[in-house]
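Labels below follow one simple rule: chain letters A, B, ... track the order of the sequence lines, proteins then strands, and each chain is numbered from 1.
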Amino acid sequence: MTWHKGRGFAAINYPIGMNLGGDPSQALVHSTPDGKFMVTLSAIDLGQGMKSVTRQIAAETLGVPIEDVYVDTADSDTGPHDMGSFASRGTHRMGNAVIAAAQEARGVMLEAAAEELEVSASDLETDGKGNIHVKGAPSRSITVMDTALAAQFEQGRTLSGRGIFLVPMSDVDPETGEQTPVSCFAHAAVVLDLQVDDETGDVEVLEVNSAYEVGRALNPKMVEQQLVGGAWMGISHALYETTEPYYPDRKHGPTDFNQYLMPGPGQVVPHHLAILERPAEGAPFGGKGPGEMCANPLLPAVANAVYNAVGVRCDSLPITPEKILRGMQANGGARPQGMNWGA
Amino acid sequence: MIAVETYASADQAATALHGDAVFLGGGTLIMRAVNYGDLKTERIVRSTDPAMKSISTSGERISIGAAATMSDVMLNPQLAFLAPVARSIGGPAVRNMATVGGNLFASHPYGDFAVALLALDGRVSVAGSGEEDLGAFLARRSSFSGVVTEVSIARPATGDFRYRKVSRIKPKGVSVMSLAAWLPRSGGRLSGARVAFGAMGNTPVRANGVERALEGANLDVSGIAEALRAVRTDLQPPDDPIASSWYRSEVAPVHLRRLLLDEEVS
Amino acid sequence: MSSVEFRKDLFADERPENLNEIGLPKQRQDALGHVTGRSPYYDDNLYDGLLHMRMVRSSEYHARIRSISLNGADMMPGVVRVIQAADVPHNINTLLSLIGFGRDDEALLQDKKVSYRGEAILAIIAETELQARKACQAVRVDYEALPHVLDVEEALKPQAPVVNEEYPNNTFDYYDRYDHQKLRFGDPHAAMARADHIVEGEYQMSPIEQAPMETCGAIAVPETNDRILCHTCSQALFFSLGTTAKLLDTPSSRLHFKGGTVGGGFGGKVDSLNEPMAVLGAKLTGRPVKFTWDREEEMQVGAPRGAERWRIRDGVMNDGRIIAREFTGFFDSGAYTRLSSYAVVKGTAHLPGPYTIPNVASNVYCVFTNRTPATAMRGFGITGVDFAIECHMDKVAETVRMNPIELRLLNAYRDGDMKPHRRVAKNTAYIECCQVAAGKADWAIAPEYSAMSSLRDGGGERASIPLTMIDEEGRIGERKRGANIDTAPSKITKDSGRAPSVIPILEATQAMGEQAAGRPQVGKATSPAPQPSAPPAPAPAMAPSQTPSPTSAVPAAPQRSAFARLQASEPAAPSQSRPVEPQPSTPTPPSESEQPYRPSEPFSRGVKRPGASPFISGRRR
Amino acid sequence: MAKVPVRFTLNGRETALFVDGGANLLDVLRRGAGDLSPKYGCGQGTCGTCTVLVDGEAHLSCLTLAEIIEGRSVSTVSGLSNGPDLHALQTCFMENFAAQCGYCTSGMLMAAKALLDTNPNPTRDEVIEAISGNLCRCTGYEPIIDAILLAAERGQGNRSPSYGSAR
């Protein structure tokens with residue numbers, strides 16, 4: 001019995017935002033009397049971090065610390081319309097809507113502060129720590145809290161803003177497929193190392209090296225969460241998962257997590273990531289949603305590595321030990337393709 | 001509405017098990033059926049009999065109470081050779097609940113603990129009746145109604161018991177197959193070897209042809225060659241979501257060899 | 001074990017780093033709630049007297065329902081209400097009707113025909129979940145089994161059983177015209193003829209479960225003021241609200257949806273099947289009703305990522321340049337459309353992957369089969385074809401004996417390149433990702449490949465739109481009527497060699513250019529001026545001749561009759577070939593920052609039906 | 001309706017409820033006792049999101065017949081922190097970004113607590129074994145394993161000084 005090592009490469013790009021547009025997102029921002037900001041959305045946090053990333057976006061745009069911002073989601077009575085969390089549209093669409101709402105609120109805040117400081121609003125800037133001051137003269141300042149109190153109780157202003165972001169819906173040419181599908185592209189490339197048991201077809205993934213380009217990592221820890229977890233899912237898709245193991249036959253569909261296979265905590269693969277950031281025009285602070293694309297390159301990388309290891313092209317997913325074993329038998333045994341590509 | 005009856009002794013519970021009532025052990029099988037509306041009865045019977053949790057040695061055999069959990073097995077020094085088997089059942093929470101008795105009723109592809117018991121000449125004690133061979137018991141388990149109180153097994157000499165569970169998911173996953181072998185030797189040659197498989201049939205099963213082929217054989221590559229051939233005809237594994245019958249048959253000799261020769265895997 | 005590095009050195013001049021909050025590893029707003037078990041998921045709302053709903057589901061792949069007998073289920077202990085198809089006020093919908101795409105094709109509850117195993121027939125509401133389950137088991141449905149089809153290509157055959165009456169050809173109708181989505185760019189047929197190698201492959205993506213740890217569900221509660229409050233784990237709150245309003249024929253102002261904290265979705269919580277049923281239950285009983293899937297339903301009745309079958313055929317030169325690529329794709333939509341029609345369009349725009357290939361064509365079919373409808377999942381519309389493309393790239397590399405990464409870099413798209421959906425690429429970073437990943441893994445690539453850049457050597461000739469061969473093959477219903485038409489975009493087969501096209505060739509009648517649309521567009525790019533650099537860019541592999549191949553315009557007799565009939569009934573169809581001017585390089589359009597989105601402007605609302613389709617570039621045929 | 005009385009200790013507090021015959025502990029904790037921290041993931045014993053401690057041992061509450069809890073002690077995540085002071089596992093899960101959607105977190109924390117209570121200095125493999133019955137679909141497990149190891153390193157009995165700041 002031999003474990004044959006194999007190495008595979010794959011690289012992809014991924015369209016960000018709902019195809020063809022027509023998917024508005026709205027946001028509302030308003031201040032409490034003491035200058036804390038509530039962001040009200042109907043967007044959904046599935047774990048991807050919608051609440052957290054919009055909080056950072058709102059804080060950055062308002063010019064206040066994130067501690068002074070809270071994101072409330074989702075209540076159809078209070079949160080204005082949003083299409084939903086799918087198609088990698090959340091960060092892009094909702095992020096832009098939050099920027100628009102926060103910009104409007106910031107504009108009012110600076111006007112209120114200007115009235116208190118008796119200067120022009122255009123001469124003011126925020127320090128990101130809860131203060132507003134005259135550009136170049138930090139001592140001529142007022143806190144956001146005092147600004148809000150003044151706006152609320154003396155000036156009769158609401159420190160609030162509304163934002164919407166819409167990519168107008170577009171059509172597709174039936175004859176050529178010409179269309180304006182998406183807003184920007186994220187990118188990824190992975191090198192995956194694995195080994196294959198030539199007697200059973202079992203695969204053990206050994207290591208992943210990757211490069212992911214995400215526009216801008218709005219929150220690097222949350223990007224890392226998505227990429228690491230998404231890559232795990234990609235490996236899982238490649239080697240294990242299916243609701244119909246005998247597709248297109250529907251027999252023996254799994255009905256629980258013992259039958260529906262996903263790699264366990266004993267199969268965690270060391271994953272060395274490089275994160276690249278090429279900000280996208282029109283995206284919030286350049287950020288592209290990394291949550292969907294992260295799994296994609298792992299699937300073909302596994303398939304290519306299996307071929308490299310034992311000379312079996314598994315062109316149908318999942319790449320089960322059975323498919324590999326059948327392939328090796330058809331080839332008269334494992335046919336290692338050689339480790340020609342480093343490692 | 002489901003009614004639960006609790007009895008202090010196994011005998012009382014057995015008496016109460018009339019009609020369509022079911023006996024609840026650790027709950028991992030019955031409660032799943034309850035949750036999914038699959039339980040065909042409205043009466044659940046259970047027992048708190050402490051005797052059903054005892055583990056005791058007498059002579060060459062060990063008795064394990066049917067209510068002993070997998071965790072109980074893992075913690076008992078007399079059962080050190082079974083600890084790896086118990087550890088292969090579920091995750092820690094399942095092992096704190098699942099019982100030795102319940103494992104005898106776990107349907108394909110579960111029941112890996114019973115595979116080990118089967119290889120170790122397991123005998124089942126049923127409340128109100130005597131001892132019975134585990135293999136025969138497994139064959140009639142679907143129509144069994146009663147309370148299993150304990151399972152007794154042979155105590156293997158050091159190194160004579162082997163067990164492997166082949167699973168795609170680590171460390172906890174369902175069996176592609178599980179294999180257990182009790183390999184007593186006499187003068188260096190195998191004598192009275194017992195080999196059992198899990199997930200290779202509707203119940204844990206012994207591989208009779210393999211056992212015959214091992215009789216008098218040396219535990220080396222040439223000595224087991226015939227047994228590896230025999231395993232293909234011994235078993236008729238099913239298709240399921242984990243693996244096909246073809247695949248299971250194809251790799252059974254590989255895993256049997258690895259078991260018998262104690263080969264390292266990765 | 002793992003590690004993360006940020007390559008701040010790359011694209012540094014495009015990325016100001018003077019921000020206060022953005023780019024910092026701030027704690028998640030929801031972290032404390034998660035670790036204390038207090039994050040409020042939809043099911044964490046307690047109501048006295050909560051009722052539980054369960055479904056009676058089809059045991060058949062495909063069957064007519066002769067009769068449904070409650071068999072005393074409605075009188076069983078704890079049962080409060082039975083809901084049948086007739087109780088659903090507007091019992092027909094398609095998810096994307098909210099954006100005007102596709103026709104209503106799916107009932108919330110079926111009482112006439114079931115088209116997949118697990119399809120909902122009726123619902124029972126009881127005091128406990130167990131009572132509801134037991135009552136469901138008592139119901140008897142008398143089925144008349146119908147032939148069923150499970151394979152996407154079998155479903156395209158004329159004799160295949162009709163899965164979905166709204167789409168009797170077993171394919172989604174694209175633009176009231178075709179049974180598939182087309183992509184046509186250049187002339188792959190002619191290019192294949194002069195390629196050194198033809199590399200073919202077929203790839204099969206499996207159906208996959210989203211498997212969020214929290215199953216789909218909703219709790220609906222009668223609220224004050226004659227409204228219904230619905231706690232939901234929907235991924236799309238207003239999608240679910242709108243769908244509920246439509247199915248229940250209820251003003252949306254009567255609905256109050258709350259959610260936002262969801263235990264994973266991955267695409268599996270868009271379909272909005274639980275919300276309308278729970279709300280209907282609350283309306284009919286006047287009590288709080290919970291409708292949650294158990295794990296078994298989540299796995300086998302909840303829509304999976306649909307299976308996809310892809311065929312790729314490449315024309316490759318000895319030096320590794322891919323000069324033509326064709327796709328034939330089949331999305332297994334299951335019994336109803338849900339979102340698969342959209343995935344096909346999205347997937348089409350993605351072709352041919354992150355590569356600049358001068359001749360690309362695809363036919364992609366959204367196919368109905370007698371299985372659980374498919375829906376969105378992480379990477380929707382892209383994951384399957386990326387698997388196909390990237391496996392195929394390795395086959396191409398092997399064919400021309402190239403380092404697989406170098407092959408990809410040679411063909412990589414760059415800023416300024418024209419994509420086959422006729423928008424210029426910008427903000428690309430594919431080359432850099434390949435280089436960095438190779439470097440991390442010590443996978444050697446030659447210096448000229450390490451020196452490549454997404455910023456350089458794109459555009460120019462690579463930005464031009466080639467003369468494009470188009471066709472009218474695959475009209476809606478053609479296959480059903482027995483026309484024997486290959487599903488692939490061109491007729492080159494391994495066996496017949498490079499046979500001439502058997503379909504009439506029409507040509508694009510006008511220049512393509514998004515600026516002509518007269519409204520702001522997404523995906524707009526400036527055409528960067530190519531900069532001198534070393535190494536030189538791979539020569540753009542454009543067709544040597546810009547005239548259509550004369551052989552390819554010959555119509556073939558066998559297919560002609562069916563085709564001609566269709567053509568006659570289709571007033572918008574051009575009836576003869578016309579030469580067309582190839583599109584020159586696109587002029588530099590205004591950048592996005594100069595033309596911000598103007599949401600207040602009205603926008604075009606989908607394809608007008610019936611008749612000619614409006615052209616996205618703003619011109620009509 | 002057959003209701004059965006059950007008395008037990010929940011996070012140190014005496015609790016008494018009437019439960020439906022055949023009810024599982026998960027439903028009883030959530031809808032009876034109002035402790036919403038354990039989650040429903042499958043009702044099959046295959047996902048671990050409902051993991052609680054019964055007399056200090058990890059149990060799957062969805063497969064636990066509520067009536068057998070009579071007289072026993074149940075611990076959930078709701079009782080993990082000492083008032084506002086988080087358990088080391090909780091702070092380490094936060095610091096390590098070991099939760100995304102958060103739905104598996106309660107079960108993971110209790111599985112980890114069962115481990116650290118009996119084995120304060122586990123190896124990586126022991127941590128993996130301890131959470132092997134608990135599924136996570138978001139993280140790929142590594143941040144969770146690291147968080148548990150970090151909590152062990154810090155001494156699992158230590159409590160963080162504050163309730164955890166927003167940063």
Side-chain angles (χ1 to χ4, degrees), chain B residues 1-6 19-24 26-46 89-94 97-98 105-110 167-176 199 238-248 266, chain C residues 1 43 51-57 59 71-73 75-80 82 117-118 120 122-140 150 204 206-209 211 213-215 217 290-302 304 307 371-372:
Chain B
M1 191 52 56
I2 290 169
V4 181
E5 301 166 25
T6 304
D20 60 1
V22 295
F23 185 79
L24 177 87
T28 55
L29 304 176
I30 301 287
M31 284 306 290
R32 178 173 173 169
V34 169
N35 292 343
Y36 276 70
D38 294 336
L39 200 68
K40 301 286 183 262
T41 176
E42 297 199 337
R43 281 185 64 226
I44 291 177
V45 171
R46 57 188 285 265
I89 310 298
V94 165
M97 304 167 71
F105 297 92
S107 59
H108 170 88
Y110 306 103
S167 175
R168 297 196 56 210
I169 307 306
K170 293 172 178 52
K172 180 216 153 206
V174 172
S175 283
V176 172
D239 289 334
D240 70 14
I242 312 296
S244 72
S245 173
W246 178 88
Y247 179 75
R248 287 188 159 106
S266 86
Chain C
M1 290 175 82
D43 194 29
L51 298 173
H52 299 262
M53 177 184 289
R54 296 291 310 164
M55 283 289 166
V56 172
R57 298 186 177 281
S59 58
N71 195 25
M75 308 302 287
M76 282 173 68
V79 172
V80 174
V82 176
R117 219 168 53 182
L122 65 82
I124 295 182
I125 300 172
E127 298 285 346
T128 71
E129 188 194 317
L130 189 54
Q131 287 168 333
R133 284 181 183 275
K134 290 294 178 190
C136 285
Q137 289 168 2
V139 173
R140 292 287 168 265
L150 293 172
Q204 179 71 51
S206 49
I208 286 174
E209 159 64 15
M213 297 315 298
E214 174 198 56
T215 61
K290 173 174 158 179
F291 177 37
T292 298
W293 285 346
D294 61 30
R295 185 54 65 181
E296 202 168 316
E297 286 171 306
E298 187 74 36
M299 284 195 180
Q300 290 295 323
V301 179
R371 59 165 36 80
T372 305

OH-CD distance between B:Tyr36 and C:Glu297, expressed to the nearest 0.5 angstrom: 8.0 Å

Under 4.5 Å from a heavy atom of chain C, the part of B:Ile2 involved: side chain

Expected output: side-chain C:Arg133 to main-chain B:Asn35 donor-acceptor under 3.5 Å: yes

Inter-residue atom distance C:Arg295.CZ - B:Arg32.CZ, 0.5 Å rounding: 11.5 Å

Residue part contacting chain B, namely of C:Gln137, when any heavy atom lies under 4.5 Å: side chain

